[in-house]
Amino acid sequence: MPTRQMKESSEQHLVIKTHLQNFMNQVQQAPKTAGPPPQESHNTKNKGRRRGRGGRKVDQGDVCMRPSSRHCTVAPKPVSENPAGALVASTPNGSVENGGNLSGMEMSFPASSKSLSFAPRPGFGQVGTKCIVKANHFFAELPEKDLNQYDVTITPEVSSRALNRAIMEELVRLYRETDLGARLPAYDGRKSLYTAGELPFTWKEFKIKLVDEEDGINGPKREREYEVVIKFVARANMHHLGQFLAGKRADAPQEALQILDIVLRELSTKRYCPIGRSFFSPDIRRPQRLGDGLESWCGFYQSIRPTQMGLSLNIDMASAAFIEPLPVIEFVAQLLGKDVLSRPLSDSDRVKIKKALRGVKVEVTHRGTVRRKYRVSGLTAQPTRELVFPVDDNSTMKSVVEYFQEMYGFTIQHAHLPCLQVGNQKKANYLPMEACKIVEGQLYTKRLNERQITAFLKVTCQRPRDRENDILQTVQHNAYDQDPYAKEFGIKISEKLASVEARILPAPWLKYHEAGKEKDCLPQVGQWNMMNKKMINGMTVTRWACINFSRSVQESVARGFCNELAQMCQVSGMEFNLEPVIPIYNARPEQVEKALKHVYHAAMNKMKGKELELLLAILPDNNGSLYGDLKRICETDLGLMSQCCLTKYVFKITKQYLANVSLKINVKMGGRNTVLLDAISCRIPLVSDIPTIIFGADVTHPENGEDSSPSIAAVVASQDWPEVTKYAGLVCAQAHRQELIKDLYKTWHDPVRGVVSGGMIRDLLVSFRKATGQKPLRIIFYRDGVSEGQFYQVLLYELDAIRKACASLEPNYQPPVTFIVVQKRHHTRLFANNHRDRSSMDKSGNILPGTVVDSKICHPTEFDFYLCSHAGIQGTSRPAHYHVLWDENNFTADGIQSLTNNLCYTYARCTRSVSVVPPAHYAHLAAFRARFYMEPEMQENGSTGGGASNGAKGTRAAGESGVRPLPALKENVKRVMFYC
């Protein structure tokens, strides 16, 4: 093959309740041992819920939070206390004081803490119609054998898990019956080996020789020797696991669970292609082409989980996009079209090929049985026919075409194409495209295009009955009763889906305006419509304009569409001027900024200084960056609310579409479409009794392959009480892949005002006070996007930030907090018990909306539940998993389950209940929107440090962090649901 050379703050800080206070002290003092948290006395006269009336003055510019009157009567009794005790502030030397300024000091928290306990389950829910559902959980019998862990050291060190496994497989083959005492160990592919029962030694060294099979049959094969040392580490505590599953211990024995998980994955790892916790194979189901050299593979997800019924094996179907194992020349033809084989490549073609193939593993096909594998590092700048390289020390040059002909008898047919570069930059090898084939089993990690997504969804979308059958077939095919590893470790897996008791929560009554024929509404099977109804708070739009960016939409068509939309807004309950301020303006997509500013200023001139209230924009169906650019300019530059409509809907107008758009316009203008009848009747437990604010928070991370782009955090909060329907939102950029929301609370030094407090929680609390005239006396916080392994860190950091934000507003202001994590990326699926019973399913064959499960498959001791709040449309519904990590409001199971389900009917953008509680969903939408606010160069500027929030204060803090802040949202945009 041709080759060429080529200062931590000392200010006091707030500490959260007894358990959390104890843990925070441990973090600061770093003792060697951690004892149980001390119990605090409960002095009812000073519980931290007393509202200060005339305390010290807070930072200049702060809003002091004072209660005021409202149309829902506030209960005269004091707010219920969490048994953990009163809130205290602790100084670094351990003394205790009331209130106090809070610093924005950075705290690093460990991954877990045994001194912090999550909220225990307060009991089981009783509300709703009882029924039985099936879950894709399979009971796993707990083994009685001792499980032992051994450390594995391989020399020379190997980075490939596959090679590690090959070495250990050879070791077991050679020594199982002798040195290993007939044990069959399970191996994690890295440093740990597990056995059922002890090995005959505590330390032993082995010499293992492996032959490189890729060297083919011509000539001697390369043989490598490895030294493997196996050393005893620990014995897993199975008694601990048994007590945990029985609910007698709160801390999960992660080591024992990990061992059992690895044991049950061992055989599948040998049979299939493991990706994360899933296994894929082209043999499970025939791969389907997705286009551009990709195909979908079917597989299954597998994970052992502790549940109330004992150990459970969660099995679900999985699909993923893989690179099709084609000859590279065919892959390129799929990517660029067949004519690429007969025409020269353009620069854009070359970039596209390089982007698609970089990092992909290929094998050579020009050497008979020798199938050496290489990873593609790049593409040559010249075509193959122009490439030459030195063949000796005298710099004698030879062309690549000649070399392959003379050395391998291989004639290069498409010499106009470039060669692949493999290896590193110092020593890169040339490989002609037609001499290479893509290695099978390579996951595609980049973003799919629209056509690929459509094809992928068509392949992966399964009706519930089909998915259930496939899961059962997978379990039977895996034959865990015949699995030698499961047998060795004494693990028995049931082949039946778990039958689980569930309840169907009733849908809430919704209130509409008195002027409509239907003043209230009871949704049926998770949906309703706007017929005969008017928005409960329809807004007025008198000054609006329209820009048409679509060349295919004639002015008369655009005018007709705008008129019909305006009429629908009127019918739905808004006051909407039928005529725009200025005539519809036609513009080219590449001149979006110029067009927006022209229309904005032209309208202002026409209205003698009055601001435009709404911009309608007609966009081409495929509009590239136009949508994002328009939103960025409108929301961060002009302070203008906009509603975009695609060309296809302009040509094919339906009443349903217009009704949905009118709902979005109304909330962007600051209105409400509907509210819960129980909310305005003050009948929602632990919401209606005292002013309550509901937060939603989420962090979205950059796509795979974007190594420096910042993550985007978003927090929304309800701005009305008792309705809890309108949500204001704030966004900030923070360090790449940082899950903790750094900007919830922060302080910075102002030359005039000194230390100033800010952050998203604080700003939204102030905004609630301004909007309602009340200060929140209770906080409910729905946090999206947190994995189980991050629960402790997120709760510790973000609950502390909430506390600090509250205390910075008023001395002793500490409303009780309920902190709930919302998870959608899990693999639990619920199926109707009888697929022939139509009354137990919706039209799509899924379980009915409102189905809640809090037993059997849920956590043994903690406060979690699965809720399917929506009706399925296609495929199998995925219930949301809610985990209450912290609860100072003492919610009952029925209380939090009913509240969450009812909120799912208040989503502003459609007349359907949604699958995730709206504040969490709104936070996700806001974070997704904020990605459009990043300038292109921000993609190259990410990195370490804290975040900067979307606002003037965020800009001020930008220099201190390594992340460039987002452009500030305009004040009028922050106040409304701009992300809808």
Side-chain angles (χ1 to χ4, degrees), residues 112 134-143 147 161 186-190 192 194 236 238 241 244-245 252-281 284 298-320 443 467-468 470-480 483 485-486 489 491-498 500 785-791 821 823-831 853 856-860 862 864-866 876 878-883:
S112 66
K134 288 179 286 187
N136 59 337
H137 285 244
F138 298 84
F139 178 67
E141 200 172 302
L142 195 63
L147 304 185
R161 278 197 179 197
Y187 177 52
D188 71 351
R190 292 287 187 215
S192 296
Y194 304 100
M238 300 307 290
L241 178 57
F244 172 70
L245 293 171
Q254 294 298 338
E255 299 83 3
L257 290 169
Q258 184 182 1
I259 293 171
L260 296 174
D261 199 49
I262 288 167
V263 168
L264 288 171
R265 293 170 59 81
E266 187 74 21
L267 191 60
S268 294
T269 299
K270 297 180 191 301
R271 286 179 176 172
Y272 307 117
C273 174
I275 305 286
R277 289 192 169 272
S278 297
F279 299 95
F280 296 93
S281 169
I284 292 175
C298 184
F300 63 93
Y301 168 92
Q302 174 182 296
S303 175
I304 197 100
R305 298 189 62 78
T307 66
Q308 291 169 35
M309 69 178 183
L311 277 180
S312 157
L313 189 65
N314 181 200
I315 300 277
D316 190 25
M317 302 315 295
S319 293
L443 183 72
R467 193 183 196 100
E468 182 185 330
D470 279 359
I471 289 169
L472 286 168
Q473 282 179 16
T474 298
V475 172
Q476 288 162 10
H477 183 263
N478 286 350
Y480 296 103
D483 182 337
Y485 295 94
F489 284 78
I491 305 170
K492 295 176 182 174
I493 307 293
S494 168
E495 290 194 349
K496 291 182 179 178
L497 291 158
V500 185
V786 181
S787 65
E788 287 176 6
Q790 298 169 314
F791 279 4
V821 167
Q823 292 176 305
K824 279 290 280 183
R825 291 185 178 181
H826 61 82
H827 285 269
T828 292
R829 299 291 182 274
L830 302 175
F831 303 100
V853 169
K856 202 162 182 179
I857 60 170
C858 293
H859 195 279
E862 292 169 13
D864 71 325
F865 59 93
Y866 292 95
T876 303
R878 187 200 310 244
H881 185 216
Y882 296 90
H883 206 124

Participant: Nearest 0.5 Å please: distance from the CD1 atom of Ile262 over to the OH atom of Tyr194.
Facilitator: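 Here the interatomic distance stands at 4.0 Å.
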Participant: Which heavy-atom pair separates Ser312 from His137 by the least distance, and what is that distance?
Facilitator: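 Here Ser312 and His137 meet closest at OG-ND1, 2.7 Å.
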Participant: Does a side-chain heavy-atom distance below 4.5 Å link Gln254 with Leu257?
Facilitator: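 Side chain of Gln254 against side chain of Leu257, heavy atoms only: contact under 4.5 Å found.
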Participant: Parallel, tilted or perpendicular: which fits the ring planes of Phe865 and Tyr882, with parallel below 30° and perpendicular above 60°?
Facilitator: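 Parallel, since the angle between the ring planes stays under 30°.
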Participant: When Tyr866 is tested against each of His883, His881, His859 for ring-ring contact (aromatic ring centres under 6.0 Å, His included), which residue passes?
Facilitator: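 Output: one option passes, namely His881.
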Participant: Does Arg829 use its side chain to pair, donor to acceptor, with the backbone of Asp316 at less than 3.5 Å?
Facilitator: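 Here the side-chain-to-backbone pair does not exist.
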Participant: Measure the shortest side-chain to side-chain distance between Leu147 and Phe489 over non-hydrogen atoms and say whether it is less than 4.5 angstrom.
Facilitator: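 Yes, at least one pair of side-chain atoms sits under 4.5 Å.
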Participant: Does Arg265 use its side chain to pair, donor to acceptor, with the backbone of Arg277 at less than 3.5 Å?
Facilitator: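 Checked: pair present.
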Participant: Do you know the tightest heavy-atom contact between Ile315 and Ile471?
Facilitator: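 Result for this residue pair: O-CG2, 3.8 Å.
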Participant: Does the Glu495 side chain pair with the main chain of Leu472, one donor and one acceptor, at a distance under 3.5 Å?
Facilitator: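 The answer is no, because no donor-acceptor pair under 3.5 Å joins these two groups.
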Participant: As an exercise, state the distance from NZ of Lys496 to CZ of Phe139, rounded to the nearest 0.5 Å.
Facilitator: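 So the NZ of Lys496 and the CZ of Phe139 are separated by 13.5 Å.
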Participant: Using every non-hydrogen atom in the two residues, find where His826 and Pro879 come nearest and quote the distance to one decimal.
Facilitator: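 Taking every non-hydrogen atom into account, NE2-O, 2.5 Å.
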Participant: Checking Glu266 side chain against Tyr187 main chain: does a donor-acceptor pair fall under 3.5 Å?
Facilitator: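 Yes, the answer is positive, given that a donor and an acceptor are paired below the 3.5 Å cut-off.
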Participant: Please name the pair of heavy atoms, one in Leu260 and one in Met238, separated by the smallest distance, quoted to 0.1 Å.
Facilitator: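 Shortest heavy-atom separation between Leu260 and Met238 comes out as CD1-CE, 4.4 Å.
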Participant: If you count every heavy atom of other residues, nucleotides or ligands that lies below 6.0 Å from Lys492 atom NZ, does the total exceed 12?
Facilitator: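 For Lys492, atom NZ is not crowded (no more than 12 foreign heavy atoms under 6.0 Å).
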Participant: Find the distance between OG (Ser268) and CD (Gln302) and round it off to the nearest 0.5 Å.
Facilitator: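 Answer for the OG-CD pair, Ser268 versus Gln302, is 5.0 Å.
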Participant: Can you tell me how far CZ of Phe279 sits from CG of Asn478, rounded to the nearest 0.5 angstrom?
Facilitator: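 Reported to 0.5 Å precision, the distance equals 8.5 Å.
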Participant: Looking at CD1 of Ile493 and CG of Asp483, how far apart are the two atoms once the value is rounded to the nearest 0.5 Å?
Facilitator: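 Rounded to the nearest 0.5 Å, the CD1-CG separation comes to 9.0 Å.
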Participant: Looking at every non-hydrogen atom in both residues, tell me the closest pair between Thr307 and Pro860 and how far apart they are.
Facilitator: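 Where Thr307 meets Pro860 most closely, the heavy atoms are O-CG, 3.7 Å.
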Participant: Just so I know, are the side chains of Leu313 and Tyr480 near enough to count as touching, which here means a heavy-atom distance under 4.5 Å?
Facilitator: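 They are in side-chain contact.
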Participant: Which distance, rounded to the nearest 0.5 Å, do you find between the CG of Asn136 and the CG of Leu830?
Facilitator: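 Reported value, rounded in 0.5 Å steps: 7.5 Å.
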Participant: If only atom types and distance count, is the side chain of Asp864 paired as donor or acceptor with the main-chain N or O of Cys858 below 3.5 Å?
Facilitator: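 No, the answer is negative, given that no donor and acceptor are paired below the 3.5 Å cut-off.
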Participant: Please state whether the rings of Tyr272 and Phe300 are parallel, tilted or perpendicular, taking 30° and 60° as the class boundaries.
Facilitator: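 It falls in the perpendicular class, over 60°.
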Participant: Which heavy atom of Ala135 sits nearest a heavy atom of Leu497, and at what distance?
Facilitator: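 Closest pair (atom of Ala135, atom of Leu497, distance): O-CD2, 3.2 Å.
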Participant: Any chance you could lay out the side chain to side chain contact (heavy atoms under 4.5 Å, CB included) test for Arg305 and Glu788, step after step, and finish with the verdict?
Facilitator: CA-CA 12 Å; Arg305 298 189 62 78; Glu788 287 176 6; 2.6 Å; yes
